[in-house]
Peer 1: 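Supplied in structure tokens, the structure appears directly below.
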Amino acid sequence: MADVVRVGAVQFEHRDGDKAYNLGQVRRFAGAAADAGARVVVCPEMCLVGYWHLRRRTRQELWDLAEPSDGPLVAALRDLAGELGIGVGAGFLESAGERLFNSYAVCLPDGVVHVHRKLHAFEHEAISSGSGYTVFDTPWARMAVLICYDNNLVENVRACALAGATVLLAPHQTGGTHSRSPHGMKPIPLSVWENRHNDPRAVEDAFRGANGREWLMRWLPSRAHDNGLFVVFANGVGRDDDEVRTGNAMVIDPYGRVVAETWAAGDELVLADLDLNLVPLSTGRRWLAARRPELYGPLVERLGTERDPRTARFSPDPVDW
């Protein structure tokens, strides 16, 4: 494995249900990343089929959009990875037997494909949650994938770190969502996005503010810092059905420092060199070494207050302990 690995984090505005266009965007950014010397490029959650529109679709419409993990979309990603000689990651709607998943495929240049199924899926009652972590070796580093809401739960990132991951691929569709929390994210008016060329200051303020980057900075760097790993954050940007995603693709190091990011109100690629020598002595890795697992039994005990991801995400009811 390498001491330093260059990675690319992508943000782009997908087109709902337009697989050909979205795959073309992945191809474009993967090619640019490869030309710049990146070994892995990370595109957003569900970027191959679109995201927030899924909640409005019928079950049959979801099945019509979905593909198996060995279907044409993932095959195209696998071929692209082989052609470019880099790892390529992108999100899709997976059909598996009688179930659907919010999934993410990471295709390596040797033809190996790793598929992560979102552990806390809430987008549609017909989309199931996955049941396991996705941690794997690459020629450059041991990596893991967690999709969007998966990263909000601290236990998930810790589990990946304990499994040896030093680079976390974190594809999202976030920013500008409606949070039930009084001080959480709130929607950004579509007019701000649609008028971005005439009033770039307004969209920049919205993306940097409490409904975009400020919200990310409350928690995302801590996932990297507390576990001593790099986080490669890819996100949607622009219109996503009736909401606005805030982009801000970035790379965070094991000390929780943002080492590269974009402020662009549009499609963009961010590149960063990951110095893996930072990991062994990072604060998070030393904290991992100081763990006392015999104390942590309560973390795996059910309290009776647990909720399924959709209820936890959308319920207006307070959580009582």
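As the structure is a computational prediction, the values presented were derived from the model and not from experiment.
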Peer 1: Could you check whether any side-chain N or O of R158 sits under 3.5 Å from a backbone N or O of D226, counting only pairs where one atom can act as donor and the other as acceptor?
Peer 2: yes
Peer 1: Would the distance check show the side chain of R239 and the main-chain N or O of R245 forming a donor-acceptor pair, the cut-off being under 3.5 Å?
Peer 2: no
Peer 1: Side chain of H124, backbone of R57: donor and acceptor closer than 3.5 Å?
Peer 2: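 Side chain of H124 to backbone of R57: a pair is present.
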Peer 1: Linking I/L/V/M/F/W/Y whenever any side-chain heavy atoms sit under 4.5 Å apart, do V115 and L169 land together?
Peer 2: no
Peer 1: Between E261 and W263, which heavy-atom pair has the shortest distance, and what is it?
Peer 2: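 Where E261 meets W263 most closely, the heavy atoms are OE2-CZ2, 3.9 Å.
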Peer 1: Does the side chain of D16 come within less than 4.5 Å of W52's, by heavy atoms?
Peer 2: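 No, their side chains stay 4.5 Å or more apart.
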Peer 1: Test side chain to side chain contact (heavy atoms under 4.5 Å, CB included) on W140 and L108 and set out the steps.
Peer 2: CA-CA 11 Å; W140 317 287; L108 300 179; 4.2 Å; yes
Peer 1: Check the side chains of N152 and H120 for a donor-acceptor pair under 3.5 angstrom, ignoring hydrogens and angles.
Peer 2: no
Peer 1: Can you tell whether the side chains of D242 and R56 come within less than 4.0 Å, N to carboxylate O?
Peer 2: yes
Peer 1: Verify the distance criterion only: is there a donor paired with an acceptor across the side chains of Q11 and N248 at less than 3.5 Å?
Peer 2: no
Peer 1: Check this for me: L281, atom CG, are more than 12 non-hydrogen atoms of other residues, nucleotides or ligands nearer than 6.0 Å?
Peer 2: no
Peer 1: Please check if L269 and V40 belong to a single hydrophobic cluster, counting links between Ile, Leu, Val, Met, Phe, Trp and Tyr side chain heavy atoms closer than 4.5 Å.
Peer 2: no
Peer 1: The test is side chain to side chain contact (heavy atoms under 4.5 Å, CB included); show your working for R99 and R117 and say whether it passes.
Peer 2: CA-CA 11 Å; R99 303 174 74 187; R117 294 170 174 171; over 6 Å; no
Peer 1: Applying salt bridge (charged side-chain N to carboxylate O under 4.0 Å, His left out), name anything that partners E294, two or more places apart in sequence or on another chain.
Peer 2: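 Expected list: R292.
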Peer 1: Would you confirm whether Y104, through its side chain, and A170, through its main-chain N or O, come within 3.5 Å as a donor-acceptor pair?
Peer 2: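 Not confirmed, Y104 side chain does not pair with A170 backbone.
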Peer 1: Report the residue from K118, H116, E67, E94 that forms a side chain to side chain donor-acceptor pair (under 3.5 Å) with S103.
Peer 2: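 Single side chain to side chain donor-acceptor pair (under 3.5 Å) partner of S103 among K118, H116, E67, E94: E94.
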Peer 1: Run Y51 and H14 through ring-ring contact (aromatic ring centres under 6.0 Å, His included) and show every step you take.
Peer 2: CA-CA 8 Å; Y51 179 67; H14 58 251; 7.6 Å; no
Peer 1: P171 pairs by side-chain contact (heavy atoms from CB on, under 4.5 Å) with which of I147, N235, V232?
Peer 2: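 Exactly one pass, corresponding to I147.
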Peer 1: Looking only at atom types and distance, does a side-chain atom of N227 sit under 3.5 Å from a main-chain N or O of L229, one as donor and one as acceptor?
Peer 2: no
Peer 1: Indicate yes or no for a side-chain donor-acceptor contact from E61 to the backbone of T58 under 3.5 Å, with no hydrogens or angles considered.
Peer 2: yes
